[in-house]
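Here is the structure we will look at.
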Amino acid sequence: MREDIIEKAYAKINISLDVTARRDDGYHDMAMVMQTVSLCDDVRLGFTDGSRIFARTNLPFIPSDERNLAVRAAKKFFEAAGEPERGLCIRIDKRIPGGAGMAGGSTDAAAVLRGLNRAFGNQFGVERLEELGAEVGSDVAFCVRGGTMLARGRGELLTPLPPLPDCVFVICKPQFSISTPELFRKLDQVSLRRHPDTVGIVSALERANLGDICRRMYNVFEDVNDRRMRTVTAIKNVLIDHGALGAVMTGTGSAVFGLYDDADAARKTFDALRREWRSTAMAKIMPRIEV
Ligand code: ATP
């Protein structure tokens, strides 16, 4: 097991995000249609002789110790595998913007779980890997397999859905990030005016009707009273004006994406947005990974 293990860690976007209840334990119950996209980090795992688990990334501000979700995932895996003293170097080439609502850290953690499981002869089944993931963070369980899924509870109760019909995404992250706990606090202070039609989206996925999906996309966090949402709305308007079938903020933001059935229109939107917002990307759908 000396050779490096290489995994792609795909970003996620929320086709929809609904908060259905505030729970006694402080968490919120969610209903989210999630999708992995081709924008990804590269994760490389190398076993070491020592017992330390650490991460190295191309960005100076990403933690290398247990504050890094990838490190926490490796620790969880080794403990579950009965080898808590293993040492590991995790190299991450980050391309997914941080604080974007695209599960940048969670997907690195999920890639570590998949990679280590392979190195250990597929010791755990996919359900156990998702359980380990959920103990690391709410979005990690989804990122183990990715694809198109309905996520409920804190995000760990997963139901695979039919794949999103073929389309192109333009994803734009403004300079600012939005803190997840802060946004949940603000959400608790407003009464939501609108909810996404989650059932309608699932039904449209079953009929492979992209237009019907796009008409129903919505994220309740867009309702939060925060002046940064004005920028989110401005980007949504650019996406729609350039021919997006639908546009919505992903997760707790600040990234916004538009969905296109026309690659040329998507390219033109990308060019227009990129002039103002450097962190703009084009991406396509990623299918579920067989684990
Ligand atoms: P989510 O969609 O899950 O809310 P996010 O896009 O808001 O995620 P991330 O990019 O996952 O946010 O992470 C932002 C925070 O997580 C930063 O404070 C960062 O230091 C920390 N972090 C921990 N592990 C990682 C990692 N592997 N990659 C990036 N950030 C990480």
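All ligand and atom numbering here is 1-based and tracks the order in the structure.
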Taking only residues two or more places apart in sequence, or in another chain, which ones meet Asp261 in a salt bridge (charged side-chain N to carboxylate O under 4.0 Å, His left out)? none
Assert yes or no for the condition that the ring centre distance of Tyr260 to Phe169 is strictly below 6.0 Å. no
Any pair counted as ring pair (Phe, Tyr, Trp, His ring centres under 6.0 Å), so long as it reaches residues 196-218, sequence neighbours left out: none
Would you mind listing each N/O atom of ligand 1 next to any protein N/O under 3.5 Å, plus the distance?
{"unit_1": "ligand 1", "atom_1": "2 (O)", "unit_2": "Met102", "atom_2": "N", "d": "3.2"}
{"unit_1": "ligand 1", "atom_1": "2 (O)", "unit_2": "Ala103", "atom_2": "N", "d": "2.8"}
{"unit_1": "ligand 1", "atom_1": "3 (O)", "unit_2": "Asp139", "atom_2": "OD2", "d": "3.1"}
{"unit_1": "ligand 1", "atom_1": "6 (O)", "unit_2": "Ala100", "atom_2": "N", "d": "3.0"}
{"unit_1": "ligand 1", "atom_1": "6 (O)", "unit_2": "Gly101", "atom_2": "N", "d": "2.9"}
{"unit_1": "ligand 1", "atom_1": "6 (O)", "unit_2": "Met102", "atom_2": "N", "d": "3.3"}
{"unit_1": "ligand 1", "atom_1": "10 (O)", "unit_2": "Gly99", "atom_2": "N", "d": "3.2"}
{"unit_1": "ligand 1", "atom_1": "11 (O)", "unit_2": "Gly104", "atom_2": "N", "d": "3.4"}
{"unit_1": "ligand 1", "atom_1": "11 (O)", "unit_2": "Gly105", "atom_2": "N", "d": "2.7"}
{"unit_1": "ligand 1", "atom_1": "12 (O)", "unit_2": "Gly99", "atom_2": "N", "d": "3.3"}
{"unit_1": "ligand 1", "atom_1": "24 (N)", "unit_2": "Asn68", "atom_2": "OD1", "d": "3.4"}
{"unit_1": "ligand 1", "atom_1": "24 (N)", "unit_2": "Leu69", "atom_2": "N", "d": "3.1"}
{"unit_1": "ligand 1", "atom_1": "27 (N)", "unit_2": "Asn68", "atom_2": "OD1", "d": "2.9"}
{"unit_1": "ligand 1", "atom_1": "27 (N)", "unit_2": "Asp108", "atom_2": "OD2", "d": "3.0"}
{"unit_1": "ligand 1", "atom_1": "28 (N)", "unit_2": "Lys94", "atom_2": "NZ", "d": "3.0"}
{"unit_1": "ligand 1", "atom_1": "28 (N)", "unit_2": "Asp108", "atom_2": "OD2", "d": "3.4"}

Not counting sequence neighbours, which residues clear salt bridge (charged side-chain N to carboxylate O under 4.0 Å, His left out) with Glu222? List them please. Lys236
Neighbour count above 12 (heavy atom, 6.0 Å) for Glu127 CD: no
In terms of side-chain geometry, is the basic nitrogen of Arg128 or Glu131 positioned less than 4.0 Å from the acidic oxygen of its partner? yes
